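Scope of the values below: all heavy atoms of this structure, side chains included, with no hydrogens, waters or symmetry mates. Numbering of residues begins at 1 and proceeds along the displayed sequence. Just so we're clear, the structure is a prediction, and the values are computed from it rather than from any experiment.
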Amino acid sequence: MKLFAAPLQGYTDAPFRHWHAALYGGVDAYYAPFLRVEKQAPASKALRDITSPLNANHTLVPQIIFNSADEFRLLVDTLTGLGYRRVDLNMGCPFPPQVHRGRGAGYVARPNAWRSLLDAMTHYPDVSFSIKMRLGAEQPDEWLMVAPMLNDMPLTSVTLHPRTARQQYRGDLYLDMADRFIDTVRHPVVFNGEITTPAQYEAIVTRYPSLDGVMIGRGLLGRPSLCAEIAAGREWSSEQQRLKLIELHDHLFEHYSGILCGDTQLLGRMKTFWDYLPLPDKRVTKQIAKSRTLAAYHAALLNFRAM
């Protein structure tokens, strides 16, 4: 069973991917946060991430988000010009600014747009495409409108997050609809959603033994050792997790210290490191959140380091 790291804007950038791969392993491929068109050109920040030398130690799959075949072609041409021959199509982003523009999960219920996309994809016979998608924007059966075209597309896999965009990351997964999706789609399917422990991983692969793989996003941010634990078939002790997490933090702190301007930027960036981490002592979490200086931030971490 393949293990993939999902893209999360503002979290899984090249430094995180680099040091996660170096310290943990267990991930078959990391998906980059999406590249989009901005002022009629590919967004420069995302391009810097995709072309970073820090990507050298892991397999990176660039992802694009678009609302038309024209945007699709512009982004694919950009990536193939950089040497990429594998591109993931984002049809799962649930955030309203993207959905309202017909991007991400907003693309799912647009049959005419899918027809144009299917035609555009035929012009790139040397590119391996995959799709990461939700069941729909508003309703979990919206994907049925485009299922025939989805099956006709030249795809290596389809990653499904069985929620709608309206749900964001809340509420139950539509597993019954996921059953139907897996039975209907002719491409290899990767499952994504609410996998935060090895036990949850086992439950999903037991329910869906035909899966091509599992993609983990927020679960990997909250437990960076998760894929390594799954790959090795054994859980890490809390002490192993803590020590490796400190190592990951320190590498990222050193990296960002060298590229960010001033303590305020550095502090803001490092605070996001803890957003998904359920620290055993909630006081440490509060101290990190309240820190206004690097001295206060380091003081808060002393308690975690000494646990």
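To the nearest 0.5 angstrom, Leu294 atom CG is 4.0 Å from Asp263 atom CG. For the atom pair Asp212 CG and Phe191 CZ, the distance stands at 14.5 Å (nearest 0.5 Å). To the nearest 0.5 Å, atoms CG (Asn67) and CZ (Arg103) are separated by 4.5 Å. Taken to the nearest 0.5 Å, the CD atom of Gln241 stands 12.0 Å off from the CD1 atom of Ile246. For the atom pair CZ (Arg163) and CG (Leu135), the distance works out to 10.5 Å, reported to the nearest 0.5 Å. The distance from the CG atom of Leu252 to the CG atom of Leu23 is 8.5 Å, given to the nearest 0.5 Å.
At most 12 heavy atoms of other shown residues, nucleotides or ligands fall within 6.0 angstrom of atom CZ in Arg101. For Glu247, the CD atom counts as densely surrounded, since its 6.0 Å shell holds more than 12 non-hydrogen atoms of other residues, nucleotides or ligands.
Classification of Arg36 and Glu71 as a salt-bridged pair fails, no side-chain N sitting under 4.0 Å from a carboxylate O. Comment: Glu194 engages Arg218 in a salt bridge, judged by a side-chain N to carboxylate O separation of less than 4.0 angstrom. Ion pairing of Asp281 with Lys286 is absent here, as no side-chain N (NZ or NE/NH1/NH2) approaches a carboxylate O to less than 4.0 Å. Using a 4.0 Å cut-off between charged nitrogen and carboxylate oxygen, Arg269 and Asp13 count as a salt-bridge pair.
Asn192 places no side-chain N or O within donor-acceptor distance of the main-chain N or O of Leu160, the cut-off being under 3.5 Å. Using modelled atom types, one side-chain atom of Arg134 and one backbone atom of Gln168 make a donor-acceptor pair closer than 3.5 Å. In this structure a side-chain-to-backbone donor-acceptor pair under 3.5 Å is present from Gln240 to Ser237. Side chain of Arg166 to backbone of Gln139: no donor-acceptor contact under 3.5 angstrom is found. Between the side chain of Asp28 and the backbone N or O of Lys2 there is no donor-acceptor pair closer than 3.5 Å. Asn55 contributes a side-chain N or O that, together with a main-chain N or O of Ile50, makes up a donor-acceptor pair within less than 3.5 Å. With hydrogens and angles ignored, the 3.5 Å screen pairs a side-chain donor or acceptor of Arg292 with a backbone N or O of Lys290. Side-chain N or O atoms of Gln167 include one that pairs as donor or acceptor with a backbone N or O of Asp172 at under 3.5 Å. Here the side chain of Asp49 pairs no donor or acceptor atom with the backbone of Leu35 at under 3.5 angstrom. Remark: side-chain polar atoms of Lys271 are paired, donor with acceptor, to backbone N or O of Ser291 under 3.5 angstrom.
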task = Walk me through it: do Asn303 and Arg283 pass the test side chain to side chain donor-acceptor pair (under 3.5 Å)?
result = CA-CA 9 Å; Asn303 294 323; Arg283 291 174 298 177; over 6 Å; no
request  = Might you work through the side-chain contact (heavy atoms from CB on, under 4.5 Å) test for Thr159 and Met133, ending with a clear yes or no?
outcome  = CA-CA 6 Å; Thr159 298; Met133 64 183 290; over 6 Å; no
request  = Might you work through the side-chain contact (heavy atoms from CB on, under 4.5 Å) test for Tyr256 and Gln265, ending with a clear yes or no?
outcome  = CA-CA 9 Å; Tyr256 288 121; Gln265 281 192 15; over 6 Å; no
request  = Could you go through the side-chain contact (heavy atoms from CB on, under 4.5 Å) check for Gln40 and Leu74 one step at a time?
outcome  = CA-CA 9 Å; Gln40 300 183 327; Leu74 172 59; over 6 Å; no
query = Can you list the steps and then say if Ile64 with Val76 is a side-chain contact (heavy atoms from CB on, under 4.5 Å)?
reply = CA-CA 8 Å; Ile64 61 174; Val76 174; 3.8 Å; yes
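Of the residues Trp19, Phe16, Phe273, the one that meets the ring-ring contact (aromatic ring centres under 6.0 Å, His included) test with His251 is Trp19.
Using a 30° and 60° split on the angle between ring planes, Phe304 and Trp274 fall in the perpendicular class, above 60°.
Between Gly26 and Leu3, the closest heavy-atom pair is O-CD1, 3.4 Å. Pro278 approaches Gly222 most closely through the heavy-atom pair CD-O, 3.5 Å. In plain terms, the two heavy atoms of Thr293 and Leu267 that are nearest each other are N-CD2, 3.8 Å. Pairing each heavy atom of Val99 with each of Ala137, the nearest pair is CG1-CB, 4.3 Å. When all heavy atoms are compared, the tightest approach of Pro7 to Met215 is CD-SD, 4.4 Å. Contact detail for Ala6 and Gly217: the closest heavy-atom pair is CB-CA, 3.6 Å.
At a cut-off of 3.5 Å, with distance as the only test, no side-chain donor of Glu202 or Thr206 sits close to an acceptor on the other residue. Under the 3.5 Å distance criterion, with hydrogens and angles disregarded, no donor-acceptor pair is assigned to the side chains of Tyr107 and Asn90. Ser130 and Asp88 are linked by a side-chain donor-acceptor pair at a separation below 3.5 angstrom, with hydrogens and angles left out of the test.
Counting heavy atoms from C-beta outward, Thr196 and Arg223 have side chains that stay 4.5 Å or more apart. At a threshold of 4.5 Å between non-hydrogen side-chain atoms, the residues Thr80 and Arg85 count as touching. Side-chain contact check for Met121 versus Arg73: every heavy-atom pair is 4.5 Å or farther apart. By the 4.5 Å heavy-atom criterion applied to side chains, Leu277 and Pro224 are counted as neighbours. Contact check for Asp176 versus Arg180: no side-chain heavy atoms found under the 4.5 Å cut-off. Under the 4.5 Å side-chain criterion, counting only non-hydrogen atoms from C-beta, His255 is in contact with Leu54. With a 4.5 Å cut-off on side-chain heavy atoms, Leu302 and Gln287 do not count as touching. Considering only heavy atoms from C-beta on, Phe34 comes within 4.5 Å of Cys93 through its side chain.
Aromatic ring centroids of Trp143 and Tyr174 lie 6.0 Å or more apart. When ring centroids are compared, Tyr11 and Tyr276 come within the 6.0 Å threshold.
Hydrophobic clustering of Ile, Leu, Val, Met, Phe, Trp and Tyr side chains at less than 4.5 Å, counting indirect connections, keeps Leu220 apart from Leu248. Two different hydrophobic clusters hold Leu8 and Val61 under the rule that ILVMFWY side chains link at heavy-atom gaps under 4.5 Å. Residues Phe129 and Leu82 share a single hydrophobic cluster, defined by chaining ILVMFWY side chains whose heavy atoms lie under 4.5 Å apart. Under the 4.5 Å side-chain heavy-atom criterion for grouping Ile, Leu, Val, Met, Phe, Trp and Tyr, Val214 is connected to Leu173 within one hydrophobic cluster. Hydrophobic clustering (side-chain heavy atoms under 4.5 Å, transitive across Ile, Leu, Val, Met, Phe, Trp, Tyr) groups Leu221 together with Leu301.
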